[in-house]
Structure formats: structure tokens, C-alpha cells
Amino acid sequence: MRYDLVIFDNDGVLVDSEPISNTLLAGYLTELGHPTSYEESVRDFMGSAMHRIHELVQERSGQRLPVEFDEIFHARVFAAFQAELEAVPGVEEVLKLLVEGGVPYCVASSGSHERIRVGHRKTGLDAWFRDEIVFSAEDVGRGKPSPDLFLHAASRMGVAPGRCVVIEDSRLGVEAALAAGMDVYGFTTMTPEEKLVGAAGFFRGMDELPAILGL
């Protein structure tokens, strides 16, 4: 199937940020008295918006995270991004083929606009993503697994949900895409296939994606 819009998740799909952010998140939660391993952070929070972290911690512990949690966490993440972040290998080649083929694309991320932009500037992906094709959970209020973000992106891009394909690497993202009525393909570098239930297919390297997209 040739799609009318390709929607990319950001963290772990465009930029190789998940190891960085989950290491920092696990460490910060542990500092605050909520012991969390890296593996638990990936399992519970990968692909989620910040509000989900607050909700799960309060649900499990009965305690609220401090009001400055988001600010401090993002400061740590952005500093680490400046030092370490790289684009996912091969993703620029995919974007080039999309442009050459005239296939519209965008990014729809659980991260904030600031987080997306910091990562894109560091990796050079800002050259491929102008502001009007960058969508964040901030735009809709409810992040993944709610379908709101993907439906918002499709609406703003003028494409029916059934003509969209989502590229995701998290369970929450796959659930959100399916709830939005979109096809979704799972990028399995960090999440095994069995965790991405409902995906139309899977791939381990960006060199496999052009064939999936019919480019």
C-alpha cells in the first residue's frame, strides 16, 4: 500500500534518545525515593508523555512528584543530548527518499516541542522538519496511548487516518496508532516484536523501511 502520509515517532525512531532519557529518568526517580531500574523505565515509560510518569508514580506510591520535576528532568536530558545525541542510523536516507517520492511526512512525539527541537538541532534533523510538520503531545493534552496526537497530526496535514502509516518503537505508540485507525510498523531495536502487538510488520534497521513504504 502506498500511503498519503508517513508519521514518525521521534524518540528512538528519528533520534537515538531512549537510552539517554531512560537512564536519566530511572536515576532521577530513584533519587526521589521511587527506585527504578533502566529496564523498568523502558518498560513503563518509553513512548509516554510526562503526565503519564506523574500519574503512574502517584498511582503506585500515593506520592506526587515535586512540582519542579519536569524542569529538572528536561534540563538533565537536554544537557545529555548536547553531549551525546545522534540521529538513528539511516533515517536521513529514508527522509530523502520520501522527499524525492513526493510523500508527505511529519513527526508526532510524546515529547515537548522544546525536546523535539533540541534533539533535531543537535543531530541536523531540523533541516528535514520545518515547524509546521512537528507535532507534540503538548498540542493535544493527552499523550500516547490516546490516539489524539496522531489524529491531530493527520488533521493538520489534511490526510484521512486510514491513509496514514505510523513508524513507532514503543508499545504505547503502537496502541495509539491502532486506536487512531492507522497502520503502524514497529521498529524493534529496543522493543521486541511481541511487545508491539497489532503492528502490521516489523523492521530492525532503517535500510528496511523504504521497501515497507513502497519507496
Side-chain angles (χ1 to χ4, degrees), residues 8-91 107-112 114-120 122-123 125 136-137 143-146 149 166-177 184-199 202-206:
F8 290 96
D9 175 43
N10 187 59
D11 292 293
V13 172
L14 297 177
V15 295
D16 192 16
S17 54
E18 294 291 9
I20 298 171
S21 59
N22 281 286
T23 296
L24 292 171
L25 179 57
Y28 190 23
L29 288 173
T30 300
E31 281 178 36
L32 294 173
H34 306 284
T36 306
S37 68
Y38 170 79
E39 291 77 15
E40 289 168 336
S41 180
V42 169
R43 181 194 68 199
D44 295 341
F45 303 121
M46 182 172 158
S48 67
M50 292 299 293
H51 68 79
R52 179 178 167 85
I53 300 172
H54 289 263
E55 291 164 1
L56 280 181
V57 168
Q58 185 172 4
E59 178 184 313
R60 292 171 176 177
S61 69
Q63 300 174 359
R64 292 180 179 272
L65 290 171
V67 293
E68 67 273 15
F69 178 85
D70 290 14
E71 181 180 357
I72 292 173
F73 175 62
H74 283 133
R76 294 182 183 186
V77 167
F78 296 164
F81 279 5
Q82 293 296 341
E84 306 173 45
L85 189 64
E86 297 181 353
V88 169
V91 75
V107 58
S109 173
S110 292
S112 66
E114 183 182 12
R115 176 182 172 126
I116 298 167
R117 280 313 189 193
V118 166
H120 285 191
K122 173 61 169 62
T123 59
L125 291 180
S136 161
K144 307 166 189 176
S146 164
L149 174 56
V166 176
I167 310 303
E168 264 289 354
D169 70 332
S170 74
R171 175 181 59 83
L172 296 177
V174 169
E175 290 177 7
V184 54
Y185 285 87
F187 188 33
T188 60
T189 53
M190 286 193 63
T191 307
E193 292 183 12
E194 58 267 24
K195 300 287 188 181
L196 302 178
V197 177
F202 307 95
F203 64 104
R204 286 193 57 81
M206 283 294 164

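Any value given below was found using the heavy atoms of this structure, including those in side chains, with hydrogens, waters and symmetry copies removed. None of these values were measured; they are calculated from a predicted model. Positions are given from 1, in the same order as the sequence printed here.
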The reported gap from OG in Ser170 to CZ in Phe187 (rounded to nearest 0.5 angstrom) is 12.5 Å
Just checking Gln58: does its CD atom have more than 12 heavy atoms from other residues, nucleotides or ligands closer to it than 6.0 angstrom? yes
Using the rule side chain to side chain contact (heavy atoms under 4.5 Å, CB included), only one of Val88, Val91, Val107 pairs with Leu125; which is it? Val91
Separation between CZ (Phe45) and CD (Glu18), nearest 0.5 Å, reads 12.5 Å
Heavy-atom closest pair (Leu32 atom, Pro66 atom, distance to 0.1 Å) is CD1-CD, 4.0 Å
Only one of Val15, Ile20, Thr123 forms a side chain to side chain contact (heavy atoms under 4.5 Å, CB included) with Phe81, so which one is it? Ile20
Nearest heavy-atom pair of Gly143 and His51: which atoms, and what distance? N-NE2, 3.1 Å
Could you tell me whether Glu71 atom CD has more than 12 heavy atoms of other residues or ligands within 6.0 Å of it? no
Find out whether Leu172 and Arg52 are in side-chain contact, i.e. whether some heavy atom of one side chain is under 4.5 Å from a heavy atom of the other. yes
Would Glu31 and Arg76 pass as an ion pair if we require N to O under 4.0 Å? yes
So, do Leu65 and His34 sit near enough that their side-chain heavy atoms are less than 4.5 Å apart? yes
Does Leu29 form a side chain to side chain contact (heavy atoms under 4.5 Å, CB included) with Ser41? I'd like the steps, not just the answer. CA-CA 9 Å; Leu29 288 173; Ser41 180; 5.9 Å; no
State, without any angle test, whether Asp11 and Ser17 hold a side-chain donor-acceptor pair at a distance under 3.5 Å. yes
What verdict does the side chain to side chain contact (heavy atoms under 4.5 Å, CB included) test give for Glu114 and Phe78, after you've listed the backbone C-alpha separation in whole Å, the side-chain angles of each residue and the deciding distance to 0.1 Å? CA-CA 9 Å; Glu114 183 182 12; Phe78 296 164; 3.4 Å; yes
Check ion pair Arg43-Glu39 (N to O, under 4.0 angstrom): no
Does the side chain of Val197 come within less than 4.5 Å of Arg171's, by heavy atoms? no
Close side-chain approach of Gln82 to Lys122, heavy-atom, < 4.5 Å: yes
Report the distance from atom CD of Glu68 to atom CD1 of Ile72, rounding to the nearest 0.5 Å. 4.5 Å
What's the shortest heavy-atom distance between Glu175 and Pro145, and which atoms? OE1-CB, 3.5 Å
Taking all heavy atoms of Ser136 and all of Ile116, pick out the closest pair and write down the distance. CB-CD1, 4.1 Å
Do Met190 and Pro19 have side chains that approach each other closer than 4.5 Å (heavy atoms only, starting at C-beta)? yes
Are the side chains of Leu196 and Glu168 in contact, using a 4.5 Å heavy-atom criterion? no
From Leu24 atom CG to His74 atom NE2, the distance as rounded to the nearest 0.5 Å: 11.5 Å
Nearest heavy-atom contact between Asp169 and Met46 is OD2-CE, 3.1 Å
Criterion side chain to side chain contact (heavy atoms under 4.5 Å, CB included) against Leu25, the qualifying member of Thr36, Val77, Ile53: Ile53
So do the side chains of Asp16 and Glu84 get within less than 4.5 Å of each other, counting heavy atoms only? no
Contact check, side chains of Arg115 and Asn10, non-hydrogen atoms, under 4.5 Å: no
Phe69 side, atom CZ; Arg64 side, atom CZ - distance, nearest 0.5 Å: 14.5 Å
Apply ring-ring contact (aromatic ring centres under 6.0 Å, His included) to residues Phe202 and Tyr185 and explain how you reach the verdict. CA-CA 6 Å; Phe202 307 95; Tyr185 285 87; 8.5 Å; no
Got a second to check how far His54's NE2 is from Glu59's CD, nearest 0.5 Å? 14.5 Å
